[in-house]
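Worksheet for the structure shown next.
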Amino acid sequence: MTTVANIALVLVSLAGLLAVGRLAAGPGALDRVVALDALVTLTVVGAVLGTLARSDTTTGYVLVVLSLLGFVGSIASARLIERREDMR
Amino acid sequence: MTAWLLVAPMLLPVLAAGVSFTLSGSRAAQQLLGVVVLTLVLADSVALLMMAERDGPTAATLGGWPAPLGITLLADRLSALLLMVSVAVALAVLVFSIGQGFADSGRSSPFAFHPAYLLLTGGICQAYLAGDLFNLFVAFEMMLTSSYVLITLGAGSGRIRAGMTYTITSLASSLLFLTTIALCYAATGTVNLADLSQKMENVPGGLVSALSVLLLVVFGIKAAAVPLHFWLPDSYPTAPAPITAVFAALLTKVGVYAMVRTQTLLFPREETWTLLAVAAILTLLLGVLGAVAQDDINRLLSFVLVSHIGFMLFGLALFDVPGLTGTVLYTVHHIAVQAGLFLVAGIVVRLAGTASLKRLARAAPPPPVVAGLFLIPALSLAGIPPTSGFVAKFVLLQAGGEHGGAVPALIAAALVTSLLTLYAMARLWRAVFSAGPERPPPSRYPGNALILGAAAGIVLTGVGIAVGAGELGRISERAAHDLLERDGYREAVLGEEAG
Amino acid sequence: MLALFALHAVVAAFLPWLAARAPRAAWYVAALPPLAAVGWAGWHTSAVLDGRTLNETLSWAPALNLTIELRLDPLSLLMVYVVSGVGALVLLYCARYLPGAGREAALLLLFAGVMFGLVTADQLIALYVFWELTSVISFLLISGRSEGSDHRRAAEQALLTTAAGGLAMLFGFILLGAEAGTYRVSELVADPPSGGLTWLAATLILLGAFAKSAQIPFSAWLPAAMVAPTPVSAYLHAAAMVKAGVYLVARLTPALEGVGPWRPAVLAVGLTTMVVAAWRALRQNDLKLLIAYGTVSELGMLIALLGAGTRTSALAGEEMLLAHAAFKSSLFLTVGVVEKTTGTRDLTRLSGVGRRLPLLAVAASVSAASMAGLPPLVGYLGKEAAFDGLWHAPFAGGAWAVAGMALGSLLTVAYSARFVWGAFARKPGVPETEPGPAAFGLLWPICLLAAAAPVLGVWYAGTARLVEPYADTPGLLVGEGHAYAVKLWHGVTAPLLLSVTMIVLGLVLHQARLPVERVRQRMPRLPDSQRGYDLTVHGVDHAATWLTRHTQVGSLPFYLTVLLVTVIVVPGGTLLSHSPEWPEVVGWHSPIQLPLSIVVLTALGGLVMARHRLTAVLLVGAVGYGVAGLFLVQGAPDLALTQFLVETLTLVVFVLVLRRLPSNFTPERPSSRGRLLRAGVALAAGGCVAYFAVSATAAGNSLELSETIVERAPETGAYNAVNALLVDFRALDTLGEISVLLVTAIGAGSLLGYRSSRRQWPTGRRDGSRAARAFRGIHWDVPREPWLPESDELPRRDRSLLLEVVVRALFPAVLVLSVYLLFAGHYRPGGGFAGGLVAGQAFTLRYLVGRRAEAAFPLPITPRAVAGGGLALAALVALAPLAFGQPPLYSASFELAIPLLGDLKVVTNVFFDLGVYLLVLGVCLKLLFALAQARDAGDTLVPYHERPRGVRG
Amino acid sequence: MTDVVLDVVSAVLILAGAGFCLLSGIGLVRFPDTVSRLHAASKAQTLGVLLVVLGAVLQTPAGKAPSLLLIALFSLLTAPVTGHIVARIAYRTDAVERRRVVLDELATRLVDEHSPDDRRRDGGEPDDRRPDDREPPSPR
Amino acid sequence: MTGRRARLRQRANTVLWLWVLWLLLWGGVRPVPLVGGLLVAVGVVALFGLPPVHRPRLRRPLRLLGLIGTLLTELVTSSVLVAWEAVSKGPKVPTGIVEVPLRSDSELLMASTALLSLMVPGSLVLEMDRERRLLYIHALPVRGRADAERRRQEVAAVERRLARAFAEQPNDGQPNDAAAGSAGTGGGA
Amino acid sequence: MTTLDLVMALVVGGLFAAGFYLLLDRSLMRVLLGVIVLGHAANLLLLLTGGPPGMPPVVSDGDEAERYADPLPQAMALTAIVITFGITTLLLALVHRAWQLDGHDEVRDDVEDRRIGTVEDREESGPPLPTDRDHEPGGGSGR
Ligand code: NA
Ligand code: NA
């Protein structure tokens with residue numbers, strides 16, 4: 001199972017790198033918001049895989065919080081972008 | 001009971017700050033609470049000093065956990081002495097600011113001053129008593145964060161700019177401090193100071209030297225030692241008088257204290273002498289020349305403050321009992337004197353409506369009582385006998401006199417600094433207390449008894465330091481002895497097996 | 001002696017009060033302490049002269065070598081007569097001259113007391129204490145209360161010059177003390193040090209003495225100080241203060257005359273001063289300045305005589321010292337009367353005063369004659385001894401000394417004559433002066449002082465008895481078996497002839513004053529010490545401003561660069577110089593670190609390049625999430641949780657603040673050179689820290705503590721060791737940390753709370769596509785049901801049914817989650833912080849949807865009360881063990897047996913954690929409320945970039 | 001035997017989830033406009049999380065599984081909201097590559113509605129306009 | 001049903017949901033979490049309760065489960081589709097914005113429909129028109145009318161099945177017609 | 001005891017370098033970002049000093065203490081994170097206020113330092129300079 005988790009981790013990591021590429025490249029602020037949001041989700045996925053690989057059972061509760069509140073920042077940023085044309 | 005005495009100087013202000021923050025509606029209650037709590041802490045600090053004087057370094061671990069598992073608090077002669085003087089000054093400044101109405105006048109947020117001030121005091125107390133490097137960091141943060149708030153309180157544009165300089169520099173120093181803690185932990189696996197002082201002996205010499213110097217830089221920023229001092233004259237002068245007074249008197253001293261504590265306890269065999277001596281000379285001269293160049297009373301005093309940190313470095317650079325005695329005495333004296341001067345400067349500025357010497361010279365002089373209140377700390381700062389400044393300086397010079405090598409250069413720098421300080425004070429005197437063309441003398445002093453009383457209290461504290469130089473000298477000397485004899489500290493914290 | 005000193009001080013303290021009520025009586029009272037001192041000295045005279053010295057000690061700070069040791073020996077006795085006797089007379093004179101000047105009376109009396117202390121001090125440091133006090137009091141006396149700037153500058157010059165000398169002297173004392181092992185003067189004299197740095201000590205001490213006694217090149221302050229009231233000059237600048245330097249030289253000559261530079265310096269400086277100052281006196285038209293220069297000259301002579309280190313010259317010096325105190329103060333007081341009665345001191349405007357004020361003229365003439373060294377006055381006694389002493393000097397260079405002394409005497413005679421002529425004579429072509437009446441109260445002190453000259457001269461036996469014991473000190477040289485005796489007549493000796501010659505020549509010089517003046521005009525100007533002083537001060541000012549301007553540049557980036565460079569160079573350099581080899585490092589510990597590192601580094605790269613604020617904020621968020629990921633990898637879920645929550649909250653606060661800021665950074669882009677420098681410094685500093693990190697971890701720490709923590713964590717009731725640390729082992733840190741959080745909320749609340757704002761970023765503009773524009777007026781997505789009651793405050797186009805429904809469902813869930821985290825912290829990641837932050841986010845969510853955090857927080861307590869209460873609760877939990885006799889922050893645990901539920905273990909540190917929870921929640925609420933307030937305040941303003949250039953500053 | 005089956009199933013789920021994550025990453029990079037990228041990002045948020053969590057649940061003792069289920073639940077609840085809000089704003093702020101939009105029924109509707117400028121001219125619906133909707137005065 | 005009873009019922013529902021959440025968080029049904037959870041849930045609802053709203057009752061939970069099952073399969077297929085688009089077309093993927101009329105007037109149902117259709121890859125709810133009961137879906141890939149119509153039907157089906165599960169009767173059994181005029185007219189801006 | 005691995009050293013160094021770079025900027029906002037990054041840097045470093053990755057230090061029976069990651073640096077870093085957060089909000093408020101007052105959030109040079117001219121314009125001579133500083137506490141803004 002550890003191997004599977006590790007392979008999966010590689011895939012998710014690659015996705016994360018692509019996301020951070022989008023985050024750095026933009027071009028619009030909203031694109032960055034989307035990328036950041038994806039990055040948070042990928043962190044959750046990666047962390048689930050990580051706990052699996054290490055058979056660590058304590059981290060899961062952290063991820064509950066992450067999955068519940070990950071969208072707060074995205075919504076706040078998106079709202080700002082809506083109000084401020086010069087920030088797009 | 002020891003533990004209670006040790007923890008109260010931090011716990012009481014913190015508790016009071018919490019209550020004060022919820023009490024924001026009632027100004028009088030906040031004021032009363034502040035004064036009562038600081039008075040209690042002052043009494044506590046006196047008890048601590050008596051205890052430390054009787055028993056030497058006394059430690060307590062909190063929560064019943066032995067060091068280094070729990071946090072250690074420790075009072076020895078040095079920390080108890082500095083604590084007592086600092087709290088006394090903090091109390092006087094609080095009374096002053098209540099009198100001046102500053103505490104009430106932050107228009108948007110009248111609730112902010114008292115809790116922030118209490119936490120500032122709590123942080124300062126904690127910094128003196130911390131027996132743990134990370135706890136010291138937390139104490140610094142309490143103190144500094146409160147100071148960021150206080151310096152920007154009721155802020156106009158100029159103060160915001162100054163607040164930026166101050167805050168950012170302090171933050172840089174805090175982050176470096178945290179980094180240094182991490183490095184110390186990496187090398188030793190502990191952050192308890194007594195434990196560190198033992199474990200540091202197993203660390204490779206080069207790393208120890210480097211850590212020692214790194215800590216010097218970290219605390220050098222807080223203490224405003226040259227070349228890490230630039231922020232101070234650009235930020236302190238813009239704050240209101242009581243804030244400047246308490247910053248100048250206490251915050252830099254906590255930096256000096258931390259420097260003395262860590263260097264003596266953790267790195268006794270390090271050869272930081274040259275570095276400190278060079279820093280001391282630079283600090284003395286660059287600071288005082290800066291003061292001579294100023295046209296603003298508060299900036300002038302700020303540069304003098306920087307300069308006189310050099311005296312404290314002087315003693316530390318000597319790294320022997322007489323030198324450290326001098327540093328202790330100088331720190332104690334400087335707390336009272338610098339606070340007194342800033343307060344009196346505050347009164348002067350308030351009366352004349354300007355801080356510019358040029359404009360003060362044209363203004364009518366303040367009443368004689370202010371002149372008297374100015375004269376004593378000014379002379380003390382210049383080290384004119386028989387003031388406390390002279391006593392402290394003399395002890396340092398005398399300590400230096402025992403050394404050969406390059407120490408006479410240090411002494412010469414100290415003497416030049418004394419003279420230029422006197423020059424700066426004379427310029428101040430000339431501008432402030434001479435009758436300018438704007439003749440009408442103030443018919444009546446627009447302050448009140450609290451302001452003058454608080455200023456007089458601080459000035460008298462300075463006088464008391466001079467009068468009680470005998471007893472203080474004895475305590476300081478033993479404090480210096482304790483600093484160099486680290487076994488007392490270690491045994492107090494870790495028990496008999498240490499050493 | 002201490003009692004006498006205290007008497008001076010105590011009486012002085014009452015004088016201002018008294019003077020306001022009894023203007024003259026105050027001065028009479030003021031004269032009492034010095035008179036008492038004179039009386040006391042008289043009482044002890046014979047005993048002291050017989051060798052029984054009086055000693056007293058005041059222990060000030062003995063551990064610091066600060067003791068006030070006082071000792072009355074013959075030299076001190078002589079000085080007490082001088083300072084207290086003259087002092088008393090001057091004070092009495094003042095009763096008429098300055099009635100009602102309470103401040104001056106107090107200061108003068110205090111000064112007399114300090115001088116008394118100075119001349120009786122037997123310990124170098126005590127002597128220095130009194131020495132500097134005289135400088136300070138003289139400063140206050142010269143500067144006056146609210147006089148013009150010339151007074152201030154003169155006072156300042158006097159203060160700085162004498163204090164500079166004083167500091168040099170202090171250094172000398174310290175070196176001397178270190179060399180001799182004692183600061184006791186009597187012990188030093190008994191056992192003089194010689195080796196090591198004694199030469200430096202001697203030189204430094206002489207510098208102090210020269211400055212105090214106005215020796216060239218430090219002489220300028222004394223003439224400048226003549227702006228002071230005349231009695232002040234009479235006392236300070238004739239009898240007392242300036243004598244301190246002379247006294248010091250006399251005091252230490254027995255101990256130091258053998259030290260290399262002592263005698264040459266003393267003779268050269270003293271005699272040069274004597275001649276040059278006398279030459280200057282000759283051309284003064286201001287009577288006061290004339291005798292001021294005369295004083296400088298006389299002081300030079302005294303220094304030379306008392307420092308020469310022979311018995312005869314010591315005798316001469318003592319005689320002259322006594323004489324000078326009497327005649328010079330009487331002459332000063334005379335000038336005072338002349339000025340008071342005629343309104344001028346300018347001798348070119350005075351004529352025939354002697355006829356109108358005959359008593360004054362006689363007294364002054366007697367004093368002047370004593371100054372000129374005419375027999376049988378005491379001045380003559382001194383000068384005879386002086387010539388004799390130098391003539392028979394047992395050291396090389398005596399001939400030069402005699403020549404200098406002779407020339408000085410000649411000039412002295414000339415200016416003495418000039419004084420008498422100038423003050424009293426009738427001058428052709430000058431209208432007769434009409435002086436007013438001179439009160440007897442002003443005249444009798446002058447007469448008494450003048451009378452001292454003939455009395456001491458004629459009664460030379462008595463004078464000799466007074467001065468000989470000092471001269472017989474073992475340290476002084478006795479030249480060639482020649483024991484000089486103080487007498488009026490020694491027969492026709494070479495010194496006598498010399499003396500007579502000089503008197504004659506002096507009178508001739510006075511007569512020839514007009515041709516001499518013409519000669520002087522053609523001579524090159526001598527270096528002027530006033531100019532020297534001015535140049536020095538100016539130079540210091542220039543250096544100070546130059547240096548300050550070039551270091552204190554006011555630029556924060558500059559300061560921080562210096563700071564970083566210091567870090568790189570000093571600690572970094574230290575580390576590099578000690579351990580040049582790179583420790584062995586592995587590539588990575590966990591492969592998952594690699595992608596996370598790339599995420600962090602990429603985001604960092606974007607961050608430093610970002611020009612838009614929002615971009616930077618999002619990128620810094622990514623850095624934060626990446627670091628949180630690294631925390632997870634490292635095995636720190638608590639840390640990751642907190643980091644994540646903090647990151648999200650930070651992002652929200654950033655965004656809420658960004659609404660009101662321009663989109664691009666100000667300033668937009670720094671200069672490229674600056675950027676390069678910055679990048680270099682930053683990279684070096686980063687590398688430095690990394691190097692430090694590798695070296696420190698390579699040092700290998702002990703795992704002892706961390707294992708103890710893990711093993712003992714269950715004792716706290718917390719199986720999560722991190723939580724155990726936070727709420728128990730290191731709860732004090734936590735308390736400090738939440739204090740920090742509270743205070744930042746206070747500060748942020750106060751800064752955001754200003755309603756003054758004239759500035760708000762304009763929202764929305766007219767560009768964009770037609771569809772985009774259309775949405776400004778369209779509001780389709782407005783729910784009818786009150787999913788979140790506060791959201792109907794929103795602009796309707798901002799509403800979203802979906803968002804409101806989901807947030808309604810999630811809000812209580814988030815709160816429950818926060819409570820769970822609070823309690824779960826003991827067993828799992830979580831705790832008060834995480835719980836409080838999550839609860840805060842619940843309200844953040846509501847704020848984002850409804851823009852009104854208040855609506856989401858309907859309880860009657862304010863965020864302030866929540867936050868403050870949380871802190872107070874935590875502090876109370878820390879204090880509570882006091883009631884149970886336990887140490888602070890002690891955590892008790894109870895087993896509660898509850899029916900149905902079974903055993904419930906309660907640990908009191910949970911309440912500490914609850915305090916943390918409440919505080920964090922309160923802080924979050926406070927922030928949200930403050931942000932809401934800031935948003936509502938103010939109206940529209942022209943943004944920075946669109947304002948006209950001039951307004952931007 | 002069941003263990004092997006369970007392992008295989010969960011391995012498939014996990015690998016599929018991770019694969020979708022990767023594909024979403026590719027979409028995030030390759031898609032032309034914000035809204036399309038949002039589609040891609042949603043993939044990680046929904047399917048990726050779901051599959052991986054399900055796979056993990058199969059490997060986790062029953063007592064610890066609820067936290068994983070909560071992760072899935074909350075992801076499924078919140079991700080669409082983000083998607084909706086961001087997409088809405090993206091459309092409103094023209095972050096849609098219109099060349100690739102073959103059909104836009106929303107634009108059609110918008111054209112039908114009268115534009116705000118027209119409405120203001122008509123003086124219609126002043127009550128609906130909150131203070132925040134006001135146009136800023138032009139800089140002087 | 002009176003307002004007060006509706007309020008109580010809704011609060012009870014919320015308490016239940018929070019209680020379940022609490023138990024899930026603690027990972028088991030043991031006495032202490034059970035009691036504690038009830039206390040916490042009641043406390044949260046009592047302190048921060050929200051006004052009641054109209055909520056249709058869930059009558060047939062099994063139907064809901066069935067719907068979710070269907071959606072999950074759809075999830076996989078359309079995910080593959082979108083992923084394929086990303087890899088193959090990338091920047092050239094064609095999209096469309098489709099107007100979907102809804103039948104129900106329940107806001108909860110509308111929101112749920114939006115939520116569920118949002119979960120399906122390839123569709124994003126761009127706008128909701130509460131009054132006219134319209135959803136605007138950004139769909140990907142959309143190559144023409146047919147694709148758009150298929151999407152419209154998919155979402156409508158979701159709503160229909162939801163409504164059945166909740167036993168909510170649509171107002172008039174017909175898709176609302178407010179948007180009928182513009183529905184189907186194509187063309188981008 | 002193992003040393004810090006190369007990747008983490010690189011990340012720590014990179015975080016510090018980027019943080020310092022931003023700290024040296026004139027834009028207070030960038031400085032604030034620098035402070036945040038430096039906070040991350042210091043916290044990460046602190047955590048890494050505890051040794052290589054380990055199990056979260058949540059004690060369960062039968063586990064060896066060495067398996068766990070060192071909890072002390074975690075607790076310290078957690079404290080530091082919260083402190084940095086507080087300071088971040090404070091600085092943000094400062095940014096906001098600076099912009100409110102001055103229309104920019106640039107850390108300008110200190111004008112008082114510029115005022116140190118030459119000795120010639122000391123208080124003895126020269127016309128009095130107008131002062132732009134308000135010494136009344138709490139005053140200055142919004143009037
Ligand atoms: Na050291
Ligand atoms: Na004045």
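Residue numbers start from 1 in every chain, and the chains themselves are labelled A, B, ... in the order their sequence lines are given, proteins ahead of strands. It should be emphasised that the depicted structure is a prediction, and the values quoted were computed from it without experimental measurement.
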key: Heavy-atom pairs under 4.5 Å with chain C, option from B/Met10, B/Glu141, B/Gln398 with the top count   = B/Gln398

query = Looking at B/Val226, B/Val217, B/Leu422, B/Leu379, which has the largest count of heavy-atom pairs under 4.5 Å with chain C?
reply = B/Leu422

Reported CG-to-CZ distance for the pair C/Leu160 and B/Arg427, which is rounded to 0.5 angstrom = 11.5 Å

query = Could you give the distance from CG (B/Leu153) to CG (C/Leu751), rounded to the nearest 0.5 Å?
reply = 8.0 Å

query = Using non-hydrogen atoms only, which part of B/Leu119 is less than 4.5 Å away from chain C: side chain, backbone, both, or neither?
reply = side chain

query = Atom CG of B/Leu69 and atom CZ of C/Arg730: how far apart are they, to the nearest 0.5 Å?
reply = 9.5 Å

inquiry  = Test side chain to side chain contact (heavy atoms under 4.5 Å, CB included) on B/Met142 and C/Val740; report intermediate values, then the result.
reply    = CA-CA 5 Å; B/Met142 272 177 78; C/Val740 170; 3.9 Å; yes

inquiry  = Among residues at least two apart in sequence or on other chains, which ones pass salt bridge (charged side-chain N to carboxylate O under 4.0 Å, His left out) with C/Asp728?
reply    = none

query = Does the side chain to side chain contact (heavy atoms under 4.5 Å, CB included) test come out yes or no for B/Lys393 and C/Leu167, once each step is laid out?
reply = CA-CA 11 Å; B/Lys393 184 178 73 183; C/Leu167 286 168; 3.6 Å; yes

key: Whether B/Trp429 side chain and C/Arg152 backbone form a donor-acceptor pair below 3.5 Å   = no

Heavy-atom closest pair, residues C/Thr574 and B/Ser209 = CG2-CB, 3.6 Å

request  = Determine, stepwise, if the pair B/Phe394 / C/Tyr128 fulfils side chain to side chain contact (heavy atoms under 4.5 Å, CB included).
outcome  = CA-CA 11 Å; B/Phe394 171 67; C/Tyr128 175 75; over 6 Å; no

message = Side chains of C/Thr744 and B/Val149, heavy atoms from C-beta outward: is any pair under 4.5 Å?
response = no

Over all atoms of both residues, closest heavy-atom pair of C/Ala178 and B/Gly401 = CB-O, 3.8 Å

inquiry  = Heavy-atom cut-off 4.5 Å, strictly under: side chain, backbone, both or neither for B/Glu477 against chain C?
reply    = side chain

query = Run the side chain to side chain contact (heavy atoms under 4.5 Å, CB included) check on B/Thr190 and C/Glu704 step by step: do they pass?
reply = CA-CA 9 Å; B/Thr190 185; C/Glu704 199 184 326; over 6 Å; no

key: Aromatic plane relationship, B/Trp65 with C/Phe729 - under 30° parallel, 30 to 60° tilted, over 60° perpendicular   = perpendicular

key: Engaged part of B/Val467 at the chain C interface, taking heavy atoms whose separation is under 4.5 Å   = backbone

ask   = chain C heavy atoms under 4.5 Å from B/Leu215: which part of the residue, side chain, backbone, both or neither?
value = neither

message = Taking side chain as everything from C-beta outward and backbone as N, CA, C, O, which of these in B/Ile384 sits under 4.5 Å from a heavy atom of chain C? Side chain, backbone, both or neither.
response = side chain

ask   = With only heavy atoms counted, which part of B/Leu6 is less than 4.5 Å from chain C, the side chain, the backbone, both or neither?
value = neither

remark   = Distance col, row C/Leu556:CG vs B/Asp234:CG, nearest 0.5 angstrom, shows 9.0 Å

task = Provide the closest heavy-atom pair for B/Ile411 versus C/Phe171 in the form atom of the first, atom of the second, distance.
result = CG2-CE1, 3.4 Å

note = Output for pair (C/Leu732 CG, B/Leu11 CG), nearest 0.5 Å, gives 6.5 Å

query = Is there a donor-acceptor pair under 3.5 Å between the side chain of B/Arg474 and the backbone N or O of C/Pro62?
reply = no

remark   = Heavy-atom closest pair (C/Ser706 atom, B/Tyr185 atom, distance to 0.1 Å) is CB-OH, 4.4 Å

inquiry  = Looking at chain C, which one of B/Ala187, B/Pro115, B/Gly470 has the largest number of heavy-atom pairs inside 4.5 Å, strictly under?
reply    = B/Ala187

Among the listed options B/Ile221, B/Thr188, B/Val7, the residue most often paired with chain C at heavy-atom distances under 4.5 Å = B/Thr188

query = What part of B/Val14 gets closer than 4.5 Å to chain C, counting heavy atoms only: side chain, backbone, both or neither?
reply = both

query = With a 4.5 angstrom heavy-atom cut-off, which part of B/Leu285 approaches chain C: side chain, backbone, both or neither?
reply = neither

ask   = Going by heavy atoms in the side chains, are B/Pro66 and C/Arg712 under 4.5 Å from each other?
value = yes

inquiry  = Between B/Pro386, B/Gly70, B/Ala8, who has the most heavy-atom pairs with chain C when the cutoff is under 4.5 Å?
reply    = B/Pro386

query = Is it the side chain or the backbone of C/Leu140 that comes within 4.5 Å of chain B heavy atoms, both, or neither?
reply = side chain

ask   = Ignoring hydrogens and geometry, is there a side-chain-to-backbone donor-acceptor pair from C/Glu156 to B/Tyr423 under 3.5 Å?
value = no

message = Please report the interatomic distance OG1(C/Thr548) to CZ(B/Arg299), rounded to the nearest 0.5 Å.
response = 9.5 Å

task = Determine the minimum heavy-atom distance between B/Phe21 and C/Ala867, stating which atoms define it.
result = CE2-CB, 4.1 Å

Proximity breakdown for B/Leu228 and chain C, heavy-atom pairs closer than 4.5 Å = side chain

task = Tell me, out of B/Ser20, B/Gly189, B/Ala16, B/Gly123, who's got the most heavy-atom pairs with chain C below 4.5 Å.
result = B/Gly189

key: Portion of B/Leu216 that has a non-hydrogen atom of chain C nearer than 4.5 angstrom   = neither

ask   = Is B/Thr179 close to C/Phe692 at the side-chain level, that is, under 4.5 Å between some pair of heavy atoms?
value = no

request  = Check whether any side-chain heavy atom of C/Pro881 lies under 4.5 Å from a side-chain heavy atom of B/Trp4, and answer yes or no.
outcome  = yes

ask   = Given a strict heavy-atom distance threshold of 4.5 Å, which part of B/Ala469 is in contact with chain C: side chain, backbone, both, or neither?
value = both

B/Leu275 portion near chain C, given a 4.5 angstrom heavy-atom threshold = side chain

inquiry  = For B/Leu73, which atoms come within 4.5 Å of any heavy atom of chain C: side chain, backbone, both, or neither?
reply    = side chain

ask   = With a 4.5 Å limit on heavy-atom distance, are the side chains of C/Ile125 and B/Phe390 in contact?
value = yes

inquiry  = If you compare all heavy atoms of C/Tyr559 against all heavy atoms of B/Trp231, which two are closest, and at what distance to 0.1 Å?
reply    = CD1-N, 4.1 Å

task = Answer with side chain, backbone, both or neither: which region of B/Pro322 has an atom nearer than 4.5 Å to a non-hydrogen atom of chain C?
result = neither

